[in-house]
Amino acid sequence: PLAAPSGEFWLVHQSGSLLKFHNDGTVELVSAGTLTSSAPQWNHTGPVHITGDVTITGNETVTGNDTVGGNIVAAGNISDQGGAKSMAGMRTAYNSHTHTDPQGGTTGTPNTGM
């Protein structure tokens with residue numbers, strides 16, 4: 001058995017998986033393989049930081065603390081239809097589109113771009 005510091009509680013498996021309750025109040029959980037959890041509902045309060053890809057099967061609802069709702073901010077592109085359509089593509093199409101003028105010719109591009 002590993003010698004845990006006084007006041008701490010450690011569960012350590014030979015695979016390297018572990019659960020440690022530290023004296024400073026933090027909890028450390030490491031899985032040598034896949035970590036699976038299941039519950040009718042999982043509630044968390046506080047920020048969540050994820051390093052790596054995230055796959056959601058089901059719906060995502062974003063709410064905020066005001067009447068507008070929450071924000072989704074991305075450093076990269078936001079796409080739908082399996083990646084076929086992106087917000088950047090929609091913005092490019094909108095900003096450069098024109099209409100046929102019934103009196104002949106075409107209209108100019110929108111006055112205000114997206």
Side-chain angles (χ1 to χ4, degrees):
L2 297 173
S6 178
E8 294 194 359
F9 179 76
W10 292 7
L11 290 172
V12 181
H13 188 265
Q14 65 184 6
S15 67
S17 296
L18 58 84
L19 176 61
K20 294 181 179 180
F21 292 84
H22 296 285
N23 286 326
D24 64 2
T26 60
V27 177
E28 182 179 357
L29 173 63
V30 175
S31 176
T34 299
L35 177 64
T36 302
S37 71
S38 179
Q41 184 168 321
W42 189 3
N43 298 323
H44 174 83
T45 301
V48 175
H49 298 270
I50 298 171
T51 302
D53 297 338
V54 176
T55 301
I56 299 172
T57 302
N59 299 315
E60 177 183 2
T61 302
V62 179
T63 59
N65 295 328
D66 56 29
T67 58
V68 177
N71 295 315
I72 298 175
V73 179
N77 242 325
I78 298 175
S79 299
D80 67 356
Q81 298 181 346
K85 306 286 183 178
S86 72
M87 287 298 298
M90 183 171 72
R91 200 171 17 262
T92 299
Y94 174 83
N95 290 345
S96 64
H97 87 280
T98 60
H99 294 270
T100 303
D101 187 331
Q103 294 144 356
T106 56
T107 63
T109 58
N111 292 339
T112 304
M114 286 179 67

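Everything quoted here is computed from the prediction, not taken from an experiment. In what follows, every heavy atom counts, from backbone to side chain, and hydrogens, waters and symmetry copies are set aside.
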Can you tell me how far [atom2] of [Y] sits from [atom1] of [X], rounded to the nearest 0.5 angstrom?
| X | Y | atom1 | atom2 | value |
| --- | --- | --- | --- | --- |
| R91 | S96 | CZ | OG | 12.5 Å |
| M90 | I78 | CE | CD1 | 10.0 Å |
| H13 | L19 | NE2 | CG | 13.5 Å |

Identify each donor-acceptor pair in which a side-chain atom of residues 24-40 lies under 3.5 Å from a protein atom, sequence neighbours left out, and give them as a table.
unit_1, atom_1, unit_2, atom_2, d
D24, OD1, T26, N, 3.0
D24, OD1, T26, OG1, 2.6
E28, OE1, H22, NE2, 2.9
S31, OG, G33, N, 3.2
S31, OG, G33, O, 2.7

Quiz item: For V73, does its backbone N or O pair with a side-chain atom of N71 as donor and acceptor, under 3.5 Å?
Solution: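 It does not hold such a pair.
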Quiz prompt | Polar side-chain atom of H49 near backbone of T51 as donor-acceptor pair, under 3.5 Å | solution = no
Practice problem: Classify the ring geometry between H97 and Y94 as parallel (under 30°), tilted (30 to 60°) or perpendicular (over 60°). | Solution: tilted
Quiz prompt | Closest non-hydrogen atom pair between W10 and P5, with its separation | solution =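 Reported closest heavy-atom pair: CZ2-CD, 3.4 Å.
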Quiz prompt | Shortest non-hydrogen separation from S6 to N23 and the atoms involved | solution = O-ND2, 2.9 Å
Quiz prompt | Joint cluster assignment, F21 & L18, ILVMFWY side-chain distance < 4.5 Å | solution = no
Self-check item: ILVMFWY cluster membership beyond I56 - transitive side-chain contacts under 4.5 angstrom
Solution: V48, I50, V54
